[in-house]
Number of protein chains: 2
Amino acid sequence: MTTLKDIGEELSLSVATVSRALNGFPEVSLRTRQKVRETADRMGYRPNRVAQRLVTGRSGMVGMVLKIKPDMTADEMFFEILTRLTAALSVRETDLVLAVDQGTDPVAPYERMIERNILDGFILNAPQTNDPRIAFLRQRGIPFVVHGRAAPDADYAFYEIDNQAVSADAVDLLVALGHKSIALINGTLRHAYAADRLTGFKTAMARHGLRPQATSEAVIESHGYTKALAMLAAGTPPTAFLCASTQVAAGVVRATADRGLRIPRDVSIVAHDDAHSQVRAVDFDPPLTVTRAPLRDACEPLAELLLDVLGGKPAPECQRLIKAELIVRGSTGPAPKEA
Amino acid sequence: MTTLKDIGEELSLSVATVSRALNGFPEVSLRTRQKVRETADRMGYRPNRVAQRLVTGRSGMVGMVLKIKPDMTADEMFFEILTRLTAALSVRETDLVLAVDQGTDPVAPYERMIERNILDGFILNAPQTNDPRIAFLRQRGIPFVVHGRAAPDADYAFYEIDNQAVSADAVDLLVALGHKSIALINGTLRHAYAADRLTGFKTAMARHGLRPQATSEAVIESHGYTKALAMLAAGTPPTAFLCASTQVAAGVVRATADRGLRIPRDVSIVAHDDAHSQVRAVDFDPPLTVTRAPLRDACEPLAELLLDVLGGKPAPECQRLIKAELIVRGSTGPAPKEA
DNA sequence: GCCGTGCTTCAAATCGTTTTGAAAAGATTT
DNA sequence: AAATCTTTTCAAAACGATTTGAAGCACGGC
């Protein structure tokens, strides 16, 4: 393996000069710089990353912990995220070390990875309100970036969509169409994003002088189905639903069909669409009106932000709150005439 | 971060002594060794892998490249394998670094990871016949262990089930039951395991003086269905099928039902079962006779073998060829009386 | 009292890089 | 031509571990 010393001897230069020449420092003359570059290429020099890391204190590796469901499967989208994240980091000369969260203590896998002390930082996802992992990493002073924002006053690096605006935009659209009885079928409030959606929903409804109806549970089809069915059977049934996901929307669609209601004539539906490939908003009949913010779009920014954090950029400059796009399709229409 | 120097200063010992004490060298007295161990624990010492690697050439980290399908999903079983592998390596003080194969050149991700030269070795899976990755790693002299055997005369470390025996055992069982027309619905021959299954099948059939019928394609339900349908419609329809997987078996079952045939009265089925949780052999009606070899059982041995290879154990001693278990259930029965 | 003999411990070199502080060379001013 | 300033180069320290060769110490034998 060619080393700096080899190149130095070849050219009768010190390793220091060779190092600076290759790293493009201005204090080495252009002529030597070129000569060094050329000989380095000729001799097939590759910097020894290990040595580089030893002296710089950086390892060029970041960690991520996979949360796995009890049946040892994971989210369908996970692989796409993983792929894109790996690619985004790879461009930045950074590798991803994976660990698996086997339940019990959410902090344990982070502790284990830190113990090995070869990691520069972490990428976290799916933060919960008062997430213990975030508290842990901050207390230990370990750099990290979160996909999601655990609290509105977060003082760490994150990438997140504006979940309050997601609800607010949907409410505004529906109110403009004349809807007054609007229900939110939300995710479990344990998740920070769901809490934000609820806040945004309540605020927007209050702004229009309307009474909010909401329920929070897992974002699965059956939840959408049972809750929508129950709400439609109640005294003042909603004329519009805000769905936490397209999966939930599928359940709501099934419930309205069971009740003999038509979309959008009797019931309007707006869903949030994170572009899961499984349940596509455009495949609905009628196609779903959505607030759209593909999860995969987070990968590039997350990599970028983490590198910024590692580079010492202050946290406030490493926060991205993105607006979801409101896409109006066939599942929303004017509110039905009052009965 | 605690270093050897810190411990040395704490105990008024040289770093050399501390290093030897922690690595259990005999030339340091028992008393100091214990004292050092204890203070190291107390101070939370963790060896710096980067520094270790620089001087020893070992980093305690191994790599694995994930092959992802074009739709960016991966095998359902993948997470379980990943979990178990991580755990098995963790016990051996080794970390797993993941990269993702984004198509195009199968060797490229390995090259990238090697360039970073912080890895001690690799775990490969799903080898193909004449796998370029294996050729590459061997040519570069990089240690690796393969889950699967790319060729019968493999001269590298691997863990694999005896795929020729898988077919042979099934054939022997069926022949003992009186079957003469037996078909193999195999995986694509590009995969080394499928080539082995075919060889074993042909050899076993020849041994019994029978003419083999075989087809090779992706191990999915539809392949089992279409091929079985075609074969059952042919001149001398098989009375028994060997299926590459339980998924394929599901297709074959559907095809026999479509033809109005009954299992095992008219058609017997033997499948290979690698214990995917999705399509379970015992959930079939009747439950499937299988050659069983859970994929997950490979994790411990793979970790063990890789560490052996890294420790310099010669390749021939790092090869494991495991027999699959033949489990006879309701899907096999005596051959039907000749028409 | 001198010298070998184990048994422990140590200082120093090593790995390949980055970075600091100083020296050498060249250019400019006095 | 001496003095000063700039530009370029260098030797050495640092990162944190392992490993080599040597030294300190107590011991008993001569």
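Protein chains get the first letters and strands the later ones, always in sequence-line order, with residue 1 at the start of each.
When the C1' atom of D:dC10 is taken as reference, atom CG of A:L4 falls 14 Å away, rounded to whole Å. Across the protein-nucleic acid pair, A:L54 atom CG and D:dT18 atom P stand 12 Å apart, rounded to whole Å.
Sorted by first and then second residue, the salt bridge (charged side-chain N to carboxylate O under 4.0 Å, His left out) pairs with a member in residues 2-13 of chain B read B:E10-B:R42; sequence neighbours excluded.
In terms of position along DNA chain D, the nucleotide closest to A:V15 lies nearer the 5' end than the nucleotide closest to the other residue of the pair A:V15 and B:T2. Nearest-nucleotide positions on DNA chain C for A:A16 and A:M1 put A:M1 closer to the 5' end.
Of the residues A:V309, A:L306, A:L307, the one that meets the side chain to side chain contact (heavy atoms under 4.5 Å, CB included) test with A:C318 is A:V309.
Interatomic distance, A:T83 OG1 to A:L96 CG, rounded to the nearest 0.5 Å: 10.5 Å. Taking CD of A:Q128 as the reference point, atom NE2 of A:H191 lies at 5.5 Å (rounded to 0.5 Å). Atoms CZ and CG, on B:R133 and B:N125 in that order, are 6.5 Å from each other to the nearest 0.5 Å.
Applying the 4.0 Å criterion to OP1 and OP2 of D:dG16, one finds that B:Q52 has every side-chain N and O outside that range. The side chain of A:T17 places no N or O atom within less than 4.0 Å of a non-bridging phosphate oxygen (OP1 or OP2) of D:dT9.
Looking only at side-chain heavy atoms (C-beta outward), B:D95 and B:R49 come within less than 4.5 Å of each other. In this structure the side chain of B:L98 reaches within 4.5 angstrom of the side chain of B:L66, judged on heavy atoms.
Residues passing the salt bridge (charged side-chain N to carboxylate O under 4.0 Å, His left out) test with B:R190: none are found, sequence neighbours excluded. Qualifying side chain to side chain contact (heavy atoms under 4.5 Å, CB included) partners for A:A293, counting only residues two or more places apart in sequence or in other chains: A:I161, A:H272, A:A324. In this structure, the side chain to side chain contact (heavy atoms under 4.5 Å, CB included) partners of B:S29, at least two apart in sequence or on a different chain, are B:R31, B:T32. Remark: B:P301 engages B:Y159 in a side chain to side chain contact (heavy atoms under 4.5 Å, CB included) (not counting sequence neighbours). The side chain to side chain contact (heavy atoms under 4.5 Å, CB included) test applied to B:N23 returns B:S19, B:F25, not counting sequence neighbours.
Contacts between residues 18-34 of chain A and DNA chain D, defined by a heavy-atom separation under 4.0 Å, are made by A:R20, A:E27, A:V28, A:S29, A:T32. Within residues 6-13 of chain B, the residues having any heavy atom under 4.0 Å from DNA chain C are, by residue number, B:S12, B:L13.
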For this session: Check the pair A:I114 / A:F136 against side-chain contact (heavy atoms from CB on, under 4.5 Å), numbers first and verdict last.
Result: CA-CA 11 Å; A:I114 289 167; A:F136 172 76; 3.5 Å; yes
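A nucleotide of DNA chain C counts as in contact with chain A when one of its atoms lies under 4.0 Å from a heavy atom; the first and last such, 5' to 3', are C:dG16 to C:dT20.
A salt bridge does not link A:K323 with A:D162: none of the charged nitrogens is closer than 4.0 Å to a carboxylate oxygen.
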Problem set entry | Secondary structure of DNA chain C in dot-bracket form (Watson-Crick or G-U wobble, distances below 3.5 Å, | marking inter-strand pairs) | ||||||||||||||||||||||||||||||
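Within the 6.0 Å centre-distance limit, the rings of A:Y110 and A:F122 are counted as a close aromatic pair.
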Write down the protein N/O and nucleotide N/O pairs, taken from nucleotides 22-27 of chain D, whose separation is under 3.5 Å; answer none if there are no such pairs.
none

Return all side-chain donor-acceptor pairs below 3.5 angstrom for residues 146-158 of chain B, not counting sequence neighbours, or 'none' if the list is empty.
unit_1 : atom_1 : unit_2 : atom_2 : d
B:R149 : NH2    : B:D196 : OD2    : 3.3
B:D155 : OD1    : B:R138 : NH1    : 2.3
B:D155 : OD2    : B:R138 : NH1    : 3.3
B:Y156 : OH     : B:A150 : N      : 3.0

